[in-house]
Amino acid sequence: MQEFLSAILLSSGYNTALVCIGAAILGAASGAIGVFILLRKRSLVSDAVSHATLPGVVLAFILGEILWGYGRSLPFILAGAAFSSMLGVMAVDAIKTHTRLTEDTAIGTVLSTFFALGMVLLTIVQSMSIAGQAGLEGFLLGATSGMLFSEAVTIAVASMIVGIAIVLRMKEFTLLCFDENFAASSGYNVKWLDRSLLILLVSVVVIGLKTVGLVLIVALAIIPPVAARFWTERVPVLVGISATIGALGSYIGAAISSTAPSLPTGGIIVLILFFLFLVSLLLSPVRGVLAAYIRHRRFQKIVHTRQGLLTIANGQPILEPLTRKLMIKNSYMCGDGRVTDYGFSVAQKMARDQELWNRFKELDPEAAHSLQDWSLRPIEEVLPYDVVSELETGLKPHTV
Amino acid sequence: MRMGGQKARLVAQQGEPVSAYNPDDNPFHVSGLTVAYHNKPVLWNVSYTAPKGQLTAIIGPNGAGKSTFLKAALGLIPRLSGETQVFGQPVKTALNKIAYVPQRSAVDWDFPATALDVVLMGLYGKVGWFRWPGKSHRQKAKKALQAVGMEAFANRQIGQLSGGQQQRVFLARSLAQDAEVYLMDEPFSGVDAATEKAIVEVLRQLVEADKTVLVVHHDLETVNDYYSNILMLNGQYIASGPVETAFTAQNLQKAYGGRLASTQLEGLKAKSC
C-alpha cells in the first residue's frame, strides 16, 4: 500500500513517475479517439487494428536483429506494428467493399488471421534463442516494469501529438459520425476523414502496445467513451470526460503495476476502467441506470396522484393499489377508502386544472404537443398567466 | 431563359453554340445519370434540368430511384455515368451552393448533440478548419431554428425531439447553409400535421427568395397543393414540367402502372385542371 501510494503520488522514482504520466497521456488520447470510434459505430474495427499489430511487432524484431543485431528498438517495433495494422484495416475495407460480406465478418476473419500469423512468428522467434526476445511477450498483455526512460518519453510525446490532432479535427469528426451524407454534400471528403480517423486510432493502438498490450489496448479506446456517454449529451464534453476516464484508469493502473511487476499492466488498467464504467452506468445523473429509475418512479407517482385525484373528483372509487397508497400517504383519503375534506378540495382543483389543459390542447394542439409536461404540472406553473386567464374566461361555468 | 451580353460572349469564346441555353442560368442540371447496385441498374440515363426559383416534387413509386437520384446527382453514391452541373459548374466544385436534407432515418438520433449543435453543422464549412463556431454562427443557427418554429428547443438533446421536430431541425440546418439549390429527401415522411404545414411554409419562402427547391415527395394527394413543378421517375425519366401539364393521369399510369388504384387516378384527374 505504501508503495502504491508513493507511486500514485509520483514519488517513487523518476522512471515510475514518467511511466505513469506517459500512461495517463496515452489513456487520454485513446479515450478521445474512442469517442469518435464509438459514435461512428466502429468499435470492433479497433479490435482488428490491435490484433493485426502482432505480425508487425515480431517481424520488426526479426528485421532489427538481422540488420543491427538489436531488435528491441521501440520506435522500429512500433513502426512495424503500425504497418501491419494498416494492412489489417485495408484488408477489412477491401473485403467489405469488394464482396457482399458484412464488416463484422471481415473483422473476424482478418483479426484471427493476423493474430495467428503473429503467434506463429512469435513462437519461431522464441525457439531461436535470441537474446532479448523475452521482452516480446510484453507486447501481448503489456508490461511497464522494464520500460526504459526513452521509451516512456516516446509514448508520452506521441500520445500528446495524437491527442492534439484529435482536438483539432473534432468538428469534422463530429460531422462525419453524425451524418456522413450531409458531410459529403457540404464538400467534406468523407473517405479521407474516415481514413484520418483510422490512422489516429492505429497510432494510439501502436503507442499503447508496450503499456497495455495488443490484446487489451482496444478496451482503452472502447470503455472510456462508453462510460463517458452516461454523463453528457454533448460531443466536446464527451471527449473531455472520456479522455479523463482513460487517463485516470491508465494512471492508476500503471501505478499499481509498478508496485506489483508480476501483474500484467494491461489487465489492471482495463479492470480499473471497467470499475469507472460501472460507476458511470449506475450513478450518472444524466443517463445512469439509478437516475433513470428514480426519474421513472417520480414520474409514475405524479401520474398516479393526478389520476387518483381526478377519479375522486369524478366520485369514483380508487382500485389501483399504488394510487390508493399515494392517496392515503398524502391524506387525500383515509385508510378505509373514505375521501377526506382536504382530498375533495385538492381533487376539485385538479379537475379544473385538467379542464384548462384539455381546453388548451383543443385550442392549440401544436403547442400542447411540444410541451413536455403537458397536464402533469399545474397549468399556472407551465403557461404564462395571461394564457391561463384567457383559458379560464373561455371555460364554461363549472357545474358540479 | 435569355442570357446577358457578357455571358453570351463568354460562351461564344469557348466555342459553344450561342443559340443554346446558357448553362450558367441552370441551378441544377443532370445529364445521363445512371446508377447501379451490384450490376442492376436502379436509375437509367436520367437527364433533367430543374426550373430556377421553382418548387419541384420528385415523385414515383417505391424503388423508383428518387432518393438515389438526389444522392447520385450530388456524388454521395457512385454513379456509372452521368454528370451534374450547378450554375454551369461541376457539382463537386459547387457544393457550397447546395443544401441537402437527408432522410430523417439516415442518422442515429441518440447522438450527443442538441438541436442547435445540429443546425451549426450546416455552418461548419464556413467556420473553417481548426476553428469552432463563434457567436455570429450561433446567431445564424438560432435564426434558422426560429424560421422553423424550433427556437424554444435549441438546447434540447435531439433524441428527445419528436419525429416532426427532428425533421424541422434538419430543415433549419439546410436554411443555415444559405444555399441556392435545396435538395430534400422525403421531408414530409412521418411528420405531424403542424410540422407539415410549417415545412410547406418554409418551402414557399425559399421559392419566394428565388431559390430552387427539389423535394422527394410520396403523397400524391398533396402534389397539386404544394408544388409548381414535378419530376416523375420510375427507374428512368418519365416526365417533368409544370404540375398542370406533367402531373397527368397518363404519366402517373406510366410511372406507377397497376400499383396506383384506378379510383386514386380518377380522384387526381378530377382535381387537375
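Numbered from 1 within each chain, the chains take letters A, B, ... in sequence-line order.
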Practice task
Using a cut-off of under 4.5 Å on heavy-atom pairs, state which of B:Gly122, B:Gly164, B:Pro112, B:Ala113 scores highest against chain A.
Solution key: B:Pro112
Completion exercise
Residue set satisfying side-chain hydrogen bond (donor to acceptor under 3.5 Å, both in side chains) with B:Thr114, at least two apart, ordered chain then number -> B:Asp117
Practice task
Heavy-atom distances under 4.5 Å only: say whether B:Val118 touches chain A with side chain, backbone, both or neither.
Solution key: side chain
Handout entry: Pair B:His29-B:Ser47, side-chain donor/acceptor within less than 3.5 Å
Key = no
Exercise for the section: Give me the ring orientation class for B:Phe170 and B:Trp109: parallel if the planes are under 30° apart, tilted from 30 to 60°, perpendicular past 60°. Expected result: tilted
Exercise for the section: Assert yes or no for the condition that the ring centre distance of B:Tyr226 to B:Phe188 is strictly below 6.0 Å. Expected result: yes
Exercise for the section: Please check if any side-chain donor atom of B:Thr195 sits under 3.5 Å from a side-chain acceptor atom of B:Asp192, or the reverse. Expected result: yes
Practice task
Give me the ring orientation class for B:Tyr124 and B:Trp132: parallel if the planes are under 30° apart, tilted from 30 to 60°, perpendicular past 60°.
Solution key: perpendicular
Exercise for the section: Specify whether A:Phe173 and A:Phe36 have parallel, tilted or perpendicular ring planes, treating 30° as the upper limit for parallel and 60° as the lower limit for perpendicular. Expected result: tilted
Handout entry: Heavy-atom pair count under 4.5 Å with chain A, highest-scoring of B:Gln177, B:Arg131, B:Gln157
Key = B:Gln157
Handout entry: Max heavy-atom pair count under 4.5 Å with chain A, selected residue of B:Val101, B:Val127, B:Ile158, B:Asp110
Key = B:Asp110
Exercise for the section: Check for a donor-acceptor pair, side chain of B:Gln165 on one end and backbone N or O of B:Ser162 on the other, with a separation under 3.5 Å. Expected result: yes
Exercise for the section: Against chain A, label B:Lys71 side chain, backbone, both or neither, depending on which of its atoms sit under 4.5 Å from a heavy atom there. Expected result: side chain
Problem - Heavy-atom contacts under 4.5 Å, residues 234-242 of chain A to chain B - result: A:Arg234, A:Val235, A:Pro236, A:Leu238
